[in-house]
Amino acid sequence: MNKITAAITAVGGYVPDYVLTNQELEKLVDTTNDWILTRTGISERRILKGEGKGTSDLCVPVALEICKKRGISPEEIDLLIVATVTPDMTFPATANVVTDKIGAKNAFGFDISAACSGFLYALETGARFIESGRYKKVMVIGADKMSSIIDYTDRTTCIIFGDGAGGVLLEADTEGYGLIDSILKSDGHGREYLHMKAGGSVKPASIDTVNNREHYVYQEGKMVFKYAVANMTEAAKGVMERNNLTAEDIAWLVPHQANKRIIAATSQYINVPDEKVMMNIHRYGNTTAGTIPLCLWDYEKHLKKGDNIMMAAFGGGFTWGANYIRWAYDGDKVGK
């Protein structure tokens with residue numbers, strides 16, 4: 001019997017309608033369009049507006065699009081994993097809220113919190129359920145409503161982040177397609193450079209934490225940049241070496257969309273040319289766990305069966321890693 005691997009059989013994505021441009025940010029903080037473009041590569045980002053709207057509302061259209069593309073009912077989903085650091089609420093899990101909203105009555109679900117590396121962690125986790133042989137259809141979604149934890153008076157962070165979600169369906173394959181290998185890492189020492197100061201059990205929400213604006217993303221950009229490039233590169237190189245892959249063997253590099261300079265440095269260090277690098281940061285900004293699946297969604301029509309896809313990410317805490325996938329279908333034959 002051939003080895004079971006978890007293949008991606010459908011992709012979905014969603015970004016809100018509201019576009020927050022650099023010109024609008026110029027009115028909120030001391031910055032300029034040129035400054036933002038030069039340092040991040042971002043022109044605009046999407047923001048989820050509306051009373052009572054949360055991360056689950058980003059996930060629902062993704063899940064429904066995936067079901068439509070694959071021609072399945074939500075009731076056929078066995079498991080839903082949502083990677084997010086902006087859950088609808090502390091509990092229940094956002095995945096459970098999504099299963100209820102889409103009518104996935106036969107699925108169980110849970111969330112994974114690994115910041116910008118969340119989708120890679122969730123993909124590896126979902127693949128293991130498929131490989132067990134007990135689960136047939138596992139949906140993995142990366143989604144974040146970053147606008148809910150961004151201080152729009154802090155120019156170091158508000159220019160970077162946006163809201164969005166993307167996801168995939170995993171199914172069993174015995175022909176060598178799907179998730180082939182992963183290197184996933186974490187180092188809690190990095191938490192001092194990228195974190196949220198309050199809102200957890202160490203420092204619960206209070207009048208003081210709200211007044212001190214401690215419920216927003218805190219980031220030391222220079223340190224994050226340094227660690228991101230080094231660790232994303234190391235993880236991607238490690239996976240390539242372990243699987244005897246050269247840069248020529250890689251059809252696409254799918255890097256986390258944090259900063260155009262980080263993307264450029266990572267691709268340069270592993271010798272993947274620009275034309276093989278997926279990038280949409282200029283349109284969406286950094287959607288945290290949503291960036292990699294949103295890239296797959298945007299580039300789906302360019303993907304060919306058998307393509308070697310290398311995904312790499314780095315997130316707060318720190319978390320990082322790389323996933324190697326052999327693509328399972330011709331994307332240009334799938335309609336959005």
Side-chain angles (χ1 to χ4, degrees), residues 6 8 10-15 48 54-63 65-66 77-99 101-102 104 107-130 135 138-149 161-170 179 182-186 194-196 217 232 235 254-258 284-297 309 311-323 325:
I8 293 174
V11 178
Y14 175 76
V15 289
L48 181 63
T55 296
S56 67
D57 297 293
L58 299 170
C59 296
V60 166
V62 174
E65 180 185 3
I66 290 172
I77 301 169
D78 299 311
L79 165 63
L80 173 64
I81 305 173
V82 173
T84 186
V85 291
T86 57
D88 282 17
M89 54 193 76
T90 303
F91 68 91
T94 300
N96 290 351
V97 177
V98 176
T99 57
K101 288 185 175 182
I102 67 173
F108 73 103
F110 56 87
D111 295 352
I112 285 181
S113 177
C116 300
S117 305
F119 182 76
L120 298 189
Y121 280 36
L123 194 67
E124 173 75 12
T125 304
R128 293 292 173 255
F129 282 92
I130 292 292
Y135 302 89
V138 174
M139 190 175 289
V140 178
I141 297 176
D144 275 296
K145 183 186 176 184
M146 292 304 294
S147 62
S148 67
I149 57 171
F161 294 96
D163 303 338
V168 300
L169 183 67
L170 297 177
L179 182 60
S182 299
I183 290 178
L184 302 173
K185 299 283 187 177
S186 65
L194 182 52
H195 64 273
M196 186 190 296
V217 172
M232 284 172 64
V254 193
H256 168 53
Q257 308 289 297
Y284 307 140
N286 182 350
T287 57
T288 305
T291 68
I292 286 178
L294 275 173
C295 278
L296 296 177
W297 180 60
I309 312 293
M311 305 175 182
F314 181 87
F318 289 134
T319 63
W320 68 94
N323 291 353
I325 287 176

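Just so we're clear, the structure is a prediction, and the values are computed from it rather than from any experiment. When reading the values below, keep in mind they use all heavy atoms of this one structure, side chains included, and skip hydrogens, waters and symmetry mates.
Across every non-hydrogen atom of Met139 and Ile77, the tightest pair is CE-CD1, 3.4 Å. Nearest heavy atom pair, residue His256 against residue Thr288, reads CE1-O, 3.6 Å. Nearest heavy atom pair, residue Thr86 against residue Ala143, reads OG1-O, 4.3 Å. Taking both residues in full, the closest heavy atoms of Ala115 and Gly316 are given as CB-N, 3.5 Å, listed atom of the first, atom of the second, then distance. Across all non-hydrogen atoms, the minimal contact from Gly315 to Leu194 is C-CD2, 4.4 Å. When all heavy atoms of Leu120 and Asn323 are compared, the closest pair comes out as O-ND2, 3.3 Å.
Judged purely by atom type and a 3.5 angstrom limit, Asp88 uses its side chain to pair as donor or acceptor with the backbone of Thr55. With hydrogens and angles ignored, the 3.5 Å screen pairs a side-chain donor or acceptor of Asp111 with a backbone N or O of Ala95. Within the 3.5 Å criterion, the main-chain N or O of Thr319 finds a donor-acceptor partner in the side chain of Ser117.
Considering only heavy atoms from C-beta on, Asn286 stays 4.5 Å or farther from Gln257 through its side chain. Looking only at side-chain heavy atoms (C-beta outward), Thr84 and Leu58 stay at 4.5 Å or farther from each other. The side-chain heavy atoms of Leu170 and Ile8, taken from C-beta on, include a pair separated by under 4.5 Å. For the pair Leu79/Phe110, a side-chain contact is recorded, criterion being any heavy-atom separation below 4.5 Å from C-beta on. The side-chain heavy atoms of Met311 and Leu123, taken from C-beta on, include a pair separated by under 4.5 Å.
Checked against side-chain contact (heavy atoms from CB on, under 4.5 Å), Val15 has the following partners two or more places apart in sequence or in another chain: Arg46, Tyr284, Leu294. Remark: Lys101 engages Asp57 in a salt bridge (charged side-chain N to carboxylate O under 4.0 Å, His left out) (not counting sequence neighbours). Looking at residues two or more places apart in sequence or on another chain, you find a side-chain contact (heavy atoms from CB on, under 4.5 Å) between Ala289 and Ala83, Asp144.
Rounded to the nearest 0.5 Å, atoms CZ (Phe314) and SG (Cys116) are 9.0 Å apart. In this structure, Ser186 OG and Phe318 CZ are separated by 12.0 Å, a value rounded to the nearest 0.5 Å. Of the inter-residue distances, the one linking Leu296 atom CG with Ile325 atom CD1 reads 7.0 Å to the nearest 0.5 angstrom. One distance of note links CD1 of Ile292 with OG1 of Thr287; it measures 9.5 Å at 0.5 Å rounding. Atom CZ in Phe129 sits 6.0 Å away from atom CD1 in Ile81 (nearest 0.5 Å).
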Phe119 and Val168: CA distance, side-chain angles, deciding distance, side chain to side chain contact (heavy atoms under 4.5 Å, CB included) verdict: CA-CA 10 Å; Phe119 182 76; Val168 300; 4.0 Å; yes
